[in-house]
Structure formats: C-alpha cells, structure tokens
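First comes the structure, then the notes that go with it.
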Amino acid sequence: MPSALPLGDPAPSDGLLPAQVLDGAAGRAFGLYVHIPFCAVRCGYCDFNTYTAKELGGGASQDAYAGTAVAEVELAARVLEASGLPARRLSTVFFGGGTPTLLPAEDLASILTAAIAAWGIEDGAEVTTEANPDSVTPESLAILREAGFTRVSFGMQSAVPHVLKVLDRTHEPARVPQVVQWARDAGLAVSLDLIYGTPGESLADWQHSLETALSYGPDHISAYALIVEEGTKLAAQIRRGEVPEIDDDDHADKYELADRLITDAGLGWYEVSNWARTPVQACRHNLAYWRGDDWWGIGPGAHSHMGGVRWWNVKHPAAYAGRLAQGVSPAAGRETLDREARAMERVMLEARLHSGLELAALETVGRHEVAGLIADGLVDPAAAFKGRLVLTLKGRLLADAVVRRILPD
C-alpha cells in the first residue's frame, strides 16, 4: 500500500498561502512536479502513491487524468497570483509517478502546454519525464520532444533478469538500449535509474548492470540502495523468509563499485546517489529540491513547497479529482517550517551535494565536529579549509551519520 500522508495543519479550501512565502521569493527558482499515479503493475518494493487500473476500479479514470491535472495547474496559477507571489517562469518541470508514460504522450504534452501557458518557461529549462522502458515508442518520444520535453529518465533498475523478477519489473533487459536510442533520435537527454542491493543480487550481477548501463552512454545515472518499506510486498517476503534480508555491508560494497565504474566512465557525482556527464546534465529539478527552492506539486499525494510552507494533496485520484471538480484546493494538509527547521533541512540536504555545505550554516556545535570528521576521513580537508563541508567517498557511505554529528541535539 502507498505510504501515509504526513500529519499537519488543515489546508484552506481556497489554497491561499501565508504572507511568509513572499520573503525572498523573487530570488528562488520555481519548478513544477506532476505526479502521474498510474502503473501497469505495482512493483513489490514500491510504497509510492501509485495505483493500477484494477485498484482504482471505476473511481478514477486514466483517460480523464490530464484534464484533472490541467485543472490543478489553473488553480495553482490563481492561488499564486492571489497570494501575491511575483510572476516567475518555470525553470524545471518533472513528470514522475507511477509511470507517466502510461498516459498517451498527447496527454502529457497537454499538461505541459497548460503549465507553460500559466507561467511561461525559462529559455533552456529542463523538462523531464520518468518512463519505464516498455512504456514508450519512437512516436511517443517524438511527440514529447515536440511539446517541449528535454529529458527522459528510464527506470532500468537492473540488467539481470532474476533481479528484475524480484523487483517485479516488467521490461526485458534488451529493451533498454532500444529505448535509449529512440530517445536520442528524438533529441532527448537520457538518464538511467538503477537500484542495488536487491535480495539475491550478487556483486557480479551489480557490476554487470553498471557496465551494461554505462555501455549505452547515458548523460546521467542514478543509483539508489534498495530500501525495504513497511507494508510492501517485498517487506512481507523478507518477513516470511522467502527472500534474503538487506545487508548494509553489501550496500556499501556496491556503492563503492558504482562510484568507481561510473567515475571511470566519465560521469561525476553531484549528489550522493547521482552522477552526471557534465554539470549541465545534472538533474536541475532535483537540485532545486535539495537547495530549498519553490515548487508546486500537481496530482494526488503530491507535495509542494513555497518559502518554508509545505503542503500535500489528498492521496486517492478519485478524491483529488472530486475536489478540483468542486473548484476547491486538493490540499489535505500543510506545515510552516520555522527558522530552526529550515536550517536543519538545509544541513541535511546540502551536505549530500558535491558542492557541499557552507560551514557558516552550522551552529557552533556542528562546526566543532568538523575537525573530527576530517580525522575520520569523512570530510574533505581542502574543502573545509575553504569554508565548505564536502563528503569524501567514505563520508558518502556514512552521510546520515555525518549529518547527525553536525546537527545540534
């Protein structure tokens, strides 16, 4: 089952935002996230807010979804204007899910077109869609490029059939090079998403997946350790002893191998789990999250953030569509982060970036920890001398522990 929404304060039915979002808004980038909540099959490890057609039954329609998402785009434009926020063009747009490309390419194009009509879009803006390798065609990718998409992120996950089977992935490994070429032919940049640490995956399996992915010449690679979420099919399988438990040492070995092979192939890390061929090819939308910029999240369960105010939509597509049909905000709740919470989030997120975190952003107790982190080989001493905390390879493996040490108790 999808994970639960966070607790928070009630969100107003008109969606209006408090005055604090105006502070410094002109200096923050503005992005759009569009959640497409549909999947052909629910993967056993996934706890995202996604649904198969069977799960939805007659309560919501994939055919009508683009129109519903456009309705939220139009509501968002009205809310931002009524809240007094300065007009800002979109710097990034990201379609995630779910499997966005389960919808017809024309539907995704119509949502993007509505967003550009509402706000405009910066020259050279990044517009990404996630996609499963078995959910695109040369024709659909060409339609997306013509509409203004610039980038596609394929959920490759593994090149090993038995690993894909454990993950409940539906594509064949041979499909990936085909869709990469189709994307290239359409003029789209290509990212490949990989997962390591799947039960039953050997180090040799992981090396094969990495080498195979790199042989396709992607512009960007994401490599995430498998996390077993409560309530998922995989968690139940592990609990019943049907598949092995996750091994932290195995994760560490696989991360080190990934970093070595990806770096040797000419891509550089810019966030703990992400590598790009050039700085320009880093995922700018995700960087906006990590740097605390503003974004509006479209879709059921989607989260938004403006100037320290965070809110989230109702989860079920039918409830989401119903609210928009009534002309009211689909927001289920929101929270306003105080200065201390925002400072803590900045440390937690920026410490994961290759650009690092300004030491001046740390409180006194955190700055006093830096010498020990250098001695432990977790932080780059040269960068620290220049006033920035940048993780070493060992530090990336222990990023959460580093953050705990530099945050106040």
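All values reported here derive from a predicted model rather than from experimental measurement.
- A salt bridge is absent between Arg145 and Asp185: the closest approach of a Lys/Arg side-chain nitrogen to an acidic carboxylate oxygen does not fall below 4.0 angstrom.
- Taking each heavy atom of Glu130 and Gly96 in turn, the nearest pair found is OE1-CA, 3.3 Å.
- When each of Asp193, Thr129, Thr128 is tested with Ser153 by the rule side chain to side chain donor-acceptor pair (under 3.5 Å), just one qualifies, namely Asp193.
- In this structure, Tyr255 and Trp275 have tilted ring planes: the angle between them lies in the 30° to 60° band.
- The nearest pair of heavy atoms linking Ala189 to Arg184 is CA-NH1, 4.5 Å.
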Using side-chain contact (heavy atoms from CB on, under 4.5 Å), reason through Glu369 and Leu362 one step at a time and then give a plain yes or no.
CA-CA 10 Å; Glu369 285 289 331; Leu362 296 174; over 6 Å; no
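- Checked by atom type and distance alone, the side chain of Ser209 pairs as donor or acceptor with a backbone atom of Ala159 at under 3.5 Å.
- Aromatic ring centres of His285 and Tyr289: separated by under 6.0 Å.
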Would you please test Arg151 and Asp219 for side-chain contact (heavy atoms from CB on, under 4.5 Å) and show each step?
CA-CA 10 Å; Arg151 185 174 179 273; Asp219 305 300; over 6 Å; no
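- Between the side chain of Lys254 and the backbone N or O of Ala225 there is no donor-acceptor pair closer than 3.5 Å.
- Arg284 and Glu122 are not joined by a salt bridge, as no carboxylate oxygen comes within less than 4.0 angstrom of a charged side-chain nitrogen.
- Thr113 places a side-chain N or O within donor-acceptor distance of the main-chain N or O of Ala109, the cut-off being under 3.5 Å.
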Between Asp293 and Arg88, is the salt bridge (Lys or Arg N to Asp or Glu O under 4.0 Å) condition met? List the steps.
CA-CA 12 Å; Asp293 286 329; Arg88 291 174 292 173; over 6 Å; no
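- Classified by interplanar angle (parallel below 30°, tilted 30° to 60°, perpendicular above 60°), the ring pair Phe95/Phe149 is tilted.
- No hydrogens or angles considered: nothing links the side chains of Asp380 and Thr392 as a donor-acceptor pair under 3.5 Å.
- With Asn132 as the fixed residue, the side-chain contact (heavy atoms from CB on, under 4.5 Å) test singles out one of Arg169, Gln157, Met156: Arg169.
- Side chain of Thr198 to backbone of Val163: no donor-acceptor contact under 3.5 angstrom is found.
- Just one residue in the list Tyr33, Phe30, Phe94, Trp311 forms a ring-ring contact (aromatic ring centres under 6.0 Å, His included) with Trp296, and that residue is Trp311.
- With hydrogens and angles ignored, the 3.5 Å screen pairs a side-chain donor or acceptor of Glu72 with a backbone N or O of Gly299.
- Glu363 CD: 12 or fewer foreign heavy atoms inside a 6.0 Å radius.
- Inspection of the Ser110 and Asp107 side chains reveals no N or O donor paired with an N or O acceptor under 3.5 Å.
- The shortest non-hydrogen separation linking Trp269 to Leu391 is CZ2-O, 3.8 Å.
- Closest of all the heavy-atom pairs between Gln62 and Leu103 is O-CD2, 3.7 Å.
- Listed by first then second residue, pairs satisfying salt bridge (charged side-chain N to carboxylate O under 4.0 Å, His left out) with a partner in residues 259-278 read Asp259-Arg396, Glu271-Arg352, not counting sequence neighbours.
- Side-chain contact between Glu358 and Arg346 is present, with heavy atoms from C-beta onward closer than 4.5 Å.
- For the pair Tyr196/Leu257, no side-chain contact is recorded, criterion being any heavy-atom separation below 4.5 Å from C-beta on.
- Contact record, Pro330 with Leu324: CD-CD2, 4.0 Å, taken as the closest heavy-atom pair.
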Trace of the side-chain contact (heavy atoms from CB on, under 4.5 Å) decision for Leu102 with Ile36:
CA-CA 9 Å; Leu102 272 186; Ile36 309 297; 5.9 Å; no
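- In this structure, Leu167 and Leu226 have side chains that are in contact, with non-hydrogen atoms separated by less than 4.5 Å.
- The two residues Ala105 and Ser140 come nearest to each other via the heavy atoms CB-O, 3.6 Å.
- Remark: the backbone N or O of Gly297 is paired with a side-chain donor or acceptor of Ser304 at under 3.5 angstrom.
- Within the 4.5 Å cutoff, the side chain of Arg405 has heavy atoms near those of the Asp376 side chain.
- In this structure a side-chain-to-backbone donor-acceptor pair under 3.5 Å is missing from Ser329 to Asp14.
- In this structure a side-chain-to-backbone donor-acceptor pair under 3.5 Å is present from His305 to Gly308.
- At least one side-chain heavy atom of Leu214 sits less than 4.5 Å from a side-chain heavy atom of Leu267.
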Between Arg291 and Leu353, is the side-chain contact (heavy atoms from CB on, under 4.5 Å) condition met? List the steps.
CA-CA 9 Å; Arg291 291 172 176 163; Leu353 299 176; 4.2 Å; yes
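- Residues Trp206 and Val160 form no side-chain contact, since every pair of their non-hydrogen atoms from C-beta on lies 4.5 Å or further apart.
- Side chain of Glu201 to backbone of Gly197: a donor-acceptor contact under 3.5 angstrom is found.
- Side-chain atoms of Asp205 and Ser158 include no donor-acceptor pair closer than 3.5 Å.
- When side chains are defined from C-beta on, Tyr65 counts as touching Pro300, because their heavy atoms get closer than 4.5 Å.
- Inspection of the Tyr270 and His220 side chains reveals an N or O donor paired with an N or O acceptor under 3.5 Å.
- Between the side chain of Ser83 and the backbone N or O of Leu85, no donor-acceptor pair lies under 3.5 Å.
- Classification of Asp294 and Arg28 as a salt-bridged pair holds, one side-chain N sitting under 4.0 Å from a carboxylate O.
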